[in-house]
Amino acid sequence: MAKCAICGKGAHFGNAVSHSHRRSSKMWKSNIKRVKVKTETGAAKRMYVCTSCLKSGKVERA
């Protein structure tokens, strides 16, 4: 599973609890995209970045 290169956000694990309170394992996946990003030198590089980092402006698309 991919992780965000900026904040390190990845998948979260826990239990899905039914109405009768039976538990089964569940995975919550974060919204991660593979985008071209401008680096400090000005070159373009492909990275995995979550959409919250894209929306907040922590990275700039190439």
Side-chain angles (χ1 to χ4, degrees):
M1 186 102 252
K3 283 191 173 184
C4 179
I6 307 303
C7 65
K9 189 187 291 186
H12 294 86
F13 301 93
N15 289 323
V17 183
S18 69
H19 180 70
S20 63
H21 218 67
R22 291 182 63 124
R23 291 177 180 91
S24 60
S25 58
K26 181 168 172 53
M27 184 165 78
W28 289 271
K29 294 179 183 173
S30 52
N31 196 2
I32 294 180
K33 306 291 182 192
R34 188 169 180 243
V35 293
K36 267 189 177 178
V37 175
K38 283 186 184 176
T39 58
E40 296 85 27
T41 60
K45 183 180 178 184
R46 284 200 185 272
M47 299 171 83
Y48 287 105
V49 181
C50 67
T51 52
S52 58
C53 288
L54 283 171
K55 191 174 180 181
S56 66
K58 292 182 181 177
V59 291
E60 186 180 350
R61 283 192 168 191

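Counting begins at 1 with the first residue of the sequence.
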Under 4.5 Å side-chain heavy-atom separation, chaining through any Ile, Leu, Val, Met, Phe, Trp or Tyr, what else clusters with Ile32? Say none if it is isolated. Tyr48
What are the two closest non-hydrogen atoms of Lys3 and Gly10, and how far apart are they?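 Nearest heavy atoms, Lys3 then Gly10: CG-CA, 4.2 Å.
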Closest heavy-atom pair, Trp28 versus Phe13, reported as atoms and distance to 0.1 Å, is CZ3-C, 4.0 Å
Point-to-point distance, once rounded to the nearest 0.5 Å, from CZ of Arg34 to NZ of Lys36: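 With rounding to 0.5 Å, CZ (Arg34) is 10.0 Å from NZ (Lys36).
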Gap between atom CG of Asn15 and atom CZ of Arg22 - 0.5 Å precision: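 Answer for the CZ-CG pair, Arg22 versus Asn15, is 12.5 Å.
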So, do Lys45 and Val37 sit near enough that their side-chain heavy atoms are less than 4.5 Å apart?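 Of all side-chain heavy-atom pairs linking Val37 with Lys45, none is under 4.5 Å.
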When the side chains of residues 49-62 are checked against the rest of the protein, which donor-acceptor pairs come out under 3.5 Å, sequence neighbours left out?
residue	atom	partner	partner atom	Å
Ser52	OG	Lys9	NZ	3.3
Ser56	OG	Ser52	O	3.1
Ser56	OG	Cys53	O	3.2

